Engineer: 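Can you keep this structure in mind? I'll have questions shortly.
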Amino acid sequence: MVQATPTPQKTMSGGEVFAILAYSATALLCLVVAAKAVDSGYAFHASLGVLACLASIIAIGNRYLARPVCVPQEIDGRPNYNFGPIKFATAASVFWGIAGFSVGLLIASQLAWPWLNLDLPWTNFGRMRPLHTSAVVFAFGGNVLIATSFYVVQKTCRARLAGDLAPWFVVLGYNLFIVIAGTGYLLGITQGKEYAEPEWYADLFLTVVWVTYLMVFLATLWKRREPHIFVANWFYLAFIVTIAVLHLGNNASVPVSLYSPKSYIVWSGVQDAMFQWWYGHNAVGFFLTAGFLAIMYYFIPKRAERPIYSYRLSIVHFWALIFLYIWAGPHHLHYTALPDWAQTLGMTFSIMLWMPSWGGMINGLMTLSGAWDKLRTDPVLRLMVVSLAFYGMSTFEGPMMSIKAVNSLSHYTDWTIGHVHSGALGWVAYVSFGAIYCLVPWLWNRRQLYSLRLVDWHFWISTIGIVLYISSMWVAGIMQGLMWRAYTALGFLEYSFIETVDAMHPYYVIRAMGGALFLIGALIMTFNLIMTVRQGEAEEAEPVGVLAPAA
């Protein structure tokens with residue numbers, strides 16, 4: 001007599017039970033804080049926490065009812081990749097990018113036409129500026145990094161993303177942090193630290209999210225079926241670990257009360273300044289450089305269909321960059337109370353950084369050896385290659401500006417703004433756009449983008465915008481610095497501060513025009529991506545002519 005195999009019963013996993021209990025406890029805590037908060041903005045954030053926890057509990061319950069008994073790690077011998085969180089993060093990156101670029105255009109316009117501050121507390125430049133930097137750097141850039149890292153680590157390890165609910169917690173939790181931070185700036189909740197404005201409760205929540213992110217990434221590497229760890233994963237890992245260390249060090253604070261959003265940093269004076277710029281420069285170094293170099297090392301070879309030019313150079317690039325970057329922060333504190341030896345140390349390591357940075361740029365550019373003709377027909381690849389050119393330019397300009405003699409002219413001027421945006425728009429945004437253009441057809445199973453002609457339009461419009469933006473700020477910044485240090489024959493300052501502000505007006509107008517063009521390019525990209533998801537290709541791929549030798 002054949003005995004029937006018992007049908008496995010579906011039960012809640014330990015992770016699902018733990019998550020429901022954790023969200024229930026957190027919802028109760030947030031409810032108490034919302035009721036007793038001494039600040040209306042803080043009460044609003046606690047209420048958001050309650051709603052987020054309740055929504056999470058409902059989502060976990062619905063997911064449990066809809067899912068099979070167990071999610072298979074492989075299907076027909078192939079990894080069952082988890083693309084759901086990646087799709088969400090990719091869509092969120094596009095949304096936050098448009099939001100961040102729009103706020104950037106607004107504040108650039110406020111500098112040219114101050115009446116655009118609208119005489120309202122939550123729309124003035126002082127509150128909108130950190131909203132812009134956080135939306136672009138952490139919301140847009142952070143979601144791109146999470147999406148690409150989750151995609152690349154799965155593909156290069158040939159393994160499903162570790163965890164069931166954890167990847168979703170990382171993606172959704174990170175975006176909830178962005179909402180809390182951004183609304184906090186508008187409501188006046190800030191600890192006033194560059195790139196680290198969110199208060200203690202937002203920082204604490206981000207710490208939980210970030211540690212989960214690290215655990216998911218490490219666990220995926222641990223269960224990989226590919227013995228070799230691809231170099232992009234080393235850069236992602238360095239970015240995740242170092243940002244965690246920077247965040248914990250710079251944001252160490254003591255809250256006034258559980259019911260107050262206010263806290264006091266444990267560091268003071270010059271120690272606080274040193275910690276802040278150790279954090280601030282390495283947020284650029286590891287968030288905006290190491291993480292996006294990981295994107296470069298995967299997506300450029302993939303798009304060009306060529307191997308990395310030199311794997312040995314990529315390893316040298318990794319270790320040299322990781323070791324040198326962490327020491328460069330003091331160059332932000334030239335001519336301050338920081339000891340002179342520390343200032344010189346930061347300057348020296350900044351100058352040395354030029355070499356590994358250009359090593360990475362050369363490695364990326366030389367990957368196109370034998371495939372340069374693709375730049376004529378593939379605007380997505382062109383975006384990523386031009387991003388490397390901007391990376392090389394920014395990583396030459398940065399070390400030069402760290403030299404004390406140059407810094408005495410450039411610091412506190414709009415030359416620094418031009419430098420930052422040549423890296424942020426030209427390097428970070430362009431390599432991000434390239435990665436998004438690659439990811440969307442892959443994730444939504446489309447043969448190619450809706451229209452490569454729209455990518456071409458995006459490229460040229462935004463490139464003109466970047467050139468207008470950074471060239472106007474370079475000229476304005478150098479003029480600003482020279483006017484500040486100009487003296488009369490009697491030894492008095494030749495120009496008052498308001499005269500320098502007045503002289504900046506035409507350059508601020510050009511800057512706003514450049515920002516508007518960049519935003520238009522991003523809107524074209526958004527339309528192209530939406531149409532790609534909705535209906536695939538709009539036209540047949542144009543035939544690529546065979547290149548004939550010259551007669």
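What you are looking at is a predicted structure, and each value in this text was computed from that prediction instead of being measured.
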Engineer: Counting only heavy atoms from other residues, nucleotides and ligands, does the tally under 6.0 Å from CH2 of Trp319 exceed 12?
Structural biologist: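 12 or below, so no.
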Engineer: For Phe18, does the CZ atom sit with more than 12 other heavy atoms under 6.0 Å from it, leaving out its own atoms?
Structural biologist: no
Engineer: Check side-chain contact (heavy atoms from CB on, under 4.5 Å) between Lys374 and all other residues, then give those that pass, not counting sequence neighbours.
Structural biologist: Glu305, Ala371, Leu381
Engineer: Within the supplied structure, the quantity of interest is the number of heavy atoms (other residues, nucleotides, ligands) at a distance under 6.0 Å from Trp327 CH2; does it exceed 12?
Structural biologist: no
Engineer: Among residues at least two apart in sequence or on other chains, which ones pass salt bridge (Lys or Arg N to Asp or Glu O under 4.0 Å) with Arg306?
Structural biologist: none
Engineer: In terms of side-chain geometry, is the basic nitrogen of Lys193 or Asp203 positioned less than 4.0 Å from the acidic oxygen of its partner?
Structural biologist: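 No, this pair does not count.
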Engineer: Quick test of your reading: applying side chain to side chain donor-acceptor pair (under 3.5 Å), list the pairs with at least one residue in residues 430-443, sequence neighbours left out, ordered by first then second residue.
Structural biologist: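 As it turns out, the side chain to side chain donor-acceptor pair (under 3.5 Å) pairs with a partner in residues 430-443, which skip direct neighbours, are Tyr430-Ser462, Tyr430-Thr463, Tyr437-His458.
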Engineer: Keeping Thr289 on the side-chain end and Val284 on the backbone end, is there a donor-acceptor pair under 3.5 Å?
Structural biologist: yes
Engineer: Is it true that atom CH2 of Trp234 has more than 12 heavy atoms of other residues, nucleotides or ligands lying nearer than 6.0 Å?
Structural biologist: no
Engineer: Which heavy atom in Tyr297 sits nearest to a heavy atom in His317, and how many Å separate them?
Structural biologist: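 Heavy atoms only, the tightest pair is OH-ND1, 2.8 Å.
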Engineer: Closest heavy-atom contact between Leu383 and Phe433?
Structural biologist: CD1-CB, 4.1 Å
Engineer: Parallel, tilted or perpendicular: which one describes the rings of Trp210 and Tyr213, with boundaries at 30° and 60°?
Structural biologist: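 Perpendicular.
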Engineer: Looking only at heavy atoms, what is the nearest atom pair of Leu31 and Val50, with distance?
Structural biologist: N-CG2, 3.5 Å
Engineer: According to side chain to side chain donor-acceptor pair (under 3.5 Å), does anything in residues 44-54 pair up with another residue at least two apart or in another chain? List the pairs.
Structural biologist: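 Sorted result for residues 44-54: His45-Thr183, His45-Tyr201.
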Engineer: By side-chain contact (heavy atoms from CB on, under 4.5 Å), which residues pair with Lys87, not counting sequence neighbours?
Structural biologist: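 In terms of side-chain contact (heavy atoms from CB on, under 4.5 Å), with neighbours along the sequence ignored, Lys87 is linked to Leu443, Trp444.
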Engineer: Using ring pair (Phe, Tyr, Trp, His ring centres under 6.0 Å) as the criterion, list what pairs up with His281, not counting sequence neighbours.
Structural biologist: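 Partners of His281 by the ring pair (Phe, Tyr, Trp, His ring centres under 6.0 Å) criterion, ordered by chain and then number, come out as Tyr325, His331, His332.
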Engineer: Let me know which of Tyr236, Phe235, Tyr298 forms a side-chain contact (heavy atoms from CB on, under 4.5 Å) with Phe230.
Structural biologist: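 Per the side-chain contact (heavy atoms from CB on, under 4.5 Å) rule, the option paired with Phe230 is Tyr298, out of Tyr236, Phe235, Tyr298.
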Engineer: Could you note down all residue pairs passing ring-ring contact (aromatic ring centres under 6.0 Å, His included) where residues 55-91 supplies at least one of them, sequence neighbours left out?
Structural biologist: Tyr81-Phe83, Phe83-Tyr151
Engineer: Considering non-hydrogen atoms only, spot the tightest contact between Ser394 and Pro399 and give its length.
Structural biologist: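 Residues Ser394 and Pro399, closest heavy atoms: O-CD, 4.3 Å.
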Engineer: List the residues meeting side-chain contact (heavy atoms from CB on, under 4.5 Å) with Met355, not counting sequence neighbours, and say none if there are none.
Structural biologist: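 Applying side-chain contact (heavy atoms from CB on, under 4.5 Å) to Met355 gives Met352.
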Engineer: Write down the atom of Ser314, the atom of Asn363, and the distance for their closest heavy-atom approach.
Structural biologist: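 The answer is N-ND2, 3.3 Å.
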Engineer: Could you pull out all donor-acceptor pairs under 3.5 Å where a side-chain atom in residues 131-146 meets a protein atom, sequence neighbours excluded?
Structural biologist:
from   : atom 1 : to     : atom 2 : distance (Å)
His132 : ND1    : Gly100 : O      : 2.9
His132 : ND1    : Gly104 : N      : 3.4
Thr133 : OG1    : Arg129 : O      : 3.4
Thr133 : OG1    : Pro130 : O      : 3.0
Ser134 : OG     : Pro130 : O      : 3.2
Ser134 : OG     : Tyr185 : OH     : 2.9
Asn143 : OD1    : Asn175 : ND2    : 3.0
Asn143 : ND2    : Ala139 : O      : 2.8
Asn143 : ND2    : Asn175 : OD1    : 3.1

Engineer: Residues two or more places apart in sequence or in another chain: which of them pass salt bridge (Lys or Arg N to Asp or Glu O under 4.0 Å) with Glu16?
Structural biologist: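 Listed in chain order: Arg67.
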Engineer: Listed by chain and number, what are the salt bridge (Lys or Arg N to Asp or Glu O under 4.0 Å) partners of Arg225, not counting sequence neighbours?
Structural biologist: Glu74
Engineer: List the atom of Gly434, the atom of Met384, and the distance in Å for their closest heavy-atom pair.
Structural biologist: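 Where Gly434 meets Met384 most closely, the heavy atoms are CA-CG, 3.7 Å.
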Engineer: Suppose we screen for side-chain contact (heavy atoms from CB on, under 4.5 Å). Which residues come up paired with Ala252, at least two apart in sequence or across chains?
Structural biologist: Val266, Trp267
